[in-house]
Amino acid sequence: MFWLVLKMEKMENKNFNLWLQNMQLNHPLVIAGPCSAESEKQVLEVAHELKNTDATIFRAGVWKPRTRPGTFEGNGVKALPWLQKVKDETGMLTAVEIANAHHAKLAMDFDIDILWIGARTTVNPFAVQEIADEIQGTEKIVLVKNPINPDLDLWIGAIERFHKMGVTNIGAIHRGFSSFRKSIYRNIPSWQIPIDLKNKYPSLPIINDPSHICGNREGIFDVSQTALDLKFDGLMIETHCNPDEAWSDAKQQIKPDRLVEIMDELKVRKPRFEKEESVSKLNAFRKEINEKDDQLLETLAERMQIVESIGKAKKESNVAVLQNTRWQEILKKVVDKGDEQGLSKTFIEKIFKAIHQESIAHQEKIIKG
Ligand code: PEP
Ligand code: MN
């Protein structure tokens, strides 16, 4: 138990990147392959088309978490030898999703190289722990997809469970978050969440899954480029020789030749400015940004003082904190003004709702005090 505690303490400092460094790639890591392993023929066909591309890892779902019963739920254990054939015939590493300890054992028995935890499993600490117990101490690579809900702690918790059980080769996959809001995405990317994860564990490789974020083929290039611009370490892209006929996720899978095109067109940015002239230009801009941030903070603090004076007046006259008409008036005014200045409605609403919430909290304290 003692060594487990020691290990846990070190998670922030751990170098999670070794497995990726050992691959010695001169491009972002690419994981490609069909959503589901449908037949041996289909699996091998895609794998051979991916053989001489940037794809290092071949993915295929064998146990499929489907929203409704009665749809194709995967070929199960029968498909694992097909993946062994992929490895033998193409040299690619293989990856499958595991959702319980039984899957984990079978994937290990059939020597699958990479085990990934699906979004619907990451949300369930019992399932994650069961899998972590089953594979404890493994040197296989374990990739943890984000949970379906935008909960960074739940994502971290799942990663911790594997780390605690002595799994050393770990990475994360960002596949977007489910939302009740209507959106162009199947799963909203909420980029700040994987960025926060990267800031907490700087060496943890993070792979973007544009297929499950977009839910269509058209958006894949753009989301992939954003991921590379944000310094993601790789991409997981669903690839099928005949996407329209795919047994699951037909709308979002792309053909291997489109994958090659996308990889060619994507720009990998340098991690930082190199030329001295660009560095000093950047520093000058950063100085200006810092000054603007100071001004913003001062203005916010001054605004809050006025809010507090209003709070005192409300207390004296025993008037309710929330004045909805006034708030609607403010919101409309700032959204219109923001629009004139090229600031989007969503952005302005988000900021002013946060300001309003904080103002209410301050006035509540005064009125109750
Ligand atoms: C998949 O990768 O096919 C899959 C089911 O993904 P997710 O867990 O992200 O929904
Ligand atoms: Mn899929």
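For the single chain, residues carry numbers from 1 onward in sequence order. What you see is a predicted model; the values in this text were computed from it and never measured. Just so you know, these numbers use all the heavy atoms, side chains as well, and skip hydrogens, waters and symmetry mates.
Remark: F72 pairs with W247 by the ring pair (Phe, Tyr, Trp, His ring centres under 6.0 Å) rule, at least two apart or across chains. Remark: F58 pairs with no residue by the ring pair (Phe, Tyr, Trp, His ring centres under 6.0 Å) rule, at least two apart or across chains. With sequence neighbours excluded, no residue forms a ring pair (Phe, Tyr, Trp, His ring centres under 6.0 Å) with W19. Judged as a salt bridge (charged side-chain N to carboxylate O under 4.0 Å, His left out), and not counting sequence neighbours, D54 has no contacts. The side chain to side chain donor-acceptor pair (under 3.5 Å) check on K255 picks up nothing, with sequence neighbours excluded.
Residues V167 and Q136 are not in side-chain contact: their nearest non-hydrogen atoms beyond the backbone lie 4.5 Å or more apart. Put simply, the side chain of V96 reaches to within 4.5 Å of the side chain of L83, judged on heavy atoms. Looking at T90 and K85, their side chains never come closer than 4.5 Å, going by heavy atoms from C-beta outward. Side-chain contact between N149 and L154: present, with at least one pair of heavy atoms (C-beta onward) separated by less than 4.5 Å.
Between Q252 and R186, the side chains place a donor N or O and an acceptor N or O closer than 3.5 Å (distance only, hydrogens not considered). D133 and Q129 share a side-chain donor-acceptor pair at under 3.5 Å. For the residue pair K314 / Q363, a side-chain donor-acceptor distance below 3.5 Å is found, with atom types taken as modelled.
T239 places no side-chain N or O within donor-acceptor distance of the main-chain N or O of A32, the cut-off being under 3.5 Å. The closest donor-acceptor contact from the side chain of N169 to the backbone of E139 lies under 3.5 Å. Without hydrogens or angle criteria, K198 side chain to K231 main chain gives no donor-acceptor distance under 3.5 Å. Looking only at distances, a side-chain donor or acceptor of Q42 sits under 3.5 Å from a matching main-chain atom of E38.
N318 CG: 12 or fewer foreign heavy atoms inside a 6.0 Å radius. Within 6.0 Å of atom CZ in R269, more than 12 heavy atoms from other residues, nucleotides or ligands are found, so the atom counts as buried in its surroundings. More than 12 heavy-atom neighbours from other residues, nucleotides or ligands sit within 6.0 angstrom of CD on Q328.
Sorted by first then second residue, the ring-ring contact (aromatic ring centres under 6.0 Å, His included) pairs that include residues 194-234, not counting sequence neighbours, are H174-F232, W191-F232. Each ring-ring contact (aromatic ring centres under 6.0 Å, His included) pair with one or both residues in residues 86-136, not counting sequence neighbours, appears once here: W63-H103. Residue pairs meeting the side chain to side chain donor-acceptor pair (under 3.5 Å) criterion with at least one member in residues 175-185, sequence neighbours excluded: R175-N187. Identified under the ring-ring contact (aromatic ring centres under 6.0 Å, His included) test for residues 295-314, with sequence neighbours left out: none. Applying the ring-ring contact (aromatic ring centres under 6.0 Å, His included) test to residues at least two apart or on different chains, the pairs with a partner in residues 291-332 are W327-H356.
When each of R59, K251, R217, R258 is tested with E238 by the rule salt bridge (Lys or Arg N to Asp or Glu O under 4.0 Å), just one qualifies, namely R59.
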Run the side-chain donor-acceptor check on residues 330-348: report pairs under 3.5 Å with partners two or more places apart or on a different chain.
unit_1: K332; atom_1: NZ; unit_2: D336; atom_2: OD2; d: 2.7
unit_1: S344; atom_1: OG; unit_2: F347; atom_2: N; d: 3.2

Tell me which donor-acceptor pairs under 3.5 Å the side chains of residues 278-300 have, and how far apart each pair is, sequence neighbours excluded?
unit_1: S280; atom_1: OG; unit_2: E276; atom_2: O; d: 3.4
unit_1: S280; atom_1: OG; unit_2: E277; atom_2: O; d: 3.0
unit_1: T299; atom_1: OG1; unit_2: Q295; atom_2: O; d: 2.8

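Counting all heavy atoms, side chain and backbone alike, P34 lies closest to H240 at CB-CD2, 4.2 Å. When all heavy atoms are compared, the tightest approach of S203 to N17 is O-ND2, 3.2 Å.
Follow the hydrophobic side-chain contacts under 4.5 Å out from L44 and you never reach L93; the two are in separate clusters.
Interatomic distance, CG of L143 versus CG of D209, reported as 11.0 Å (0.5 Å rounding).
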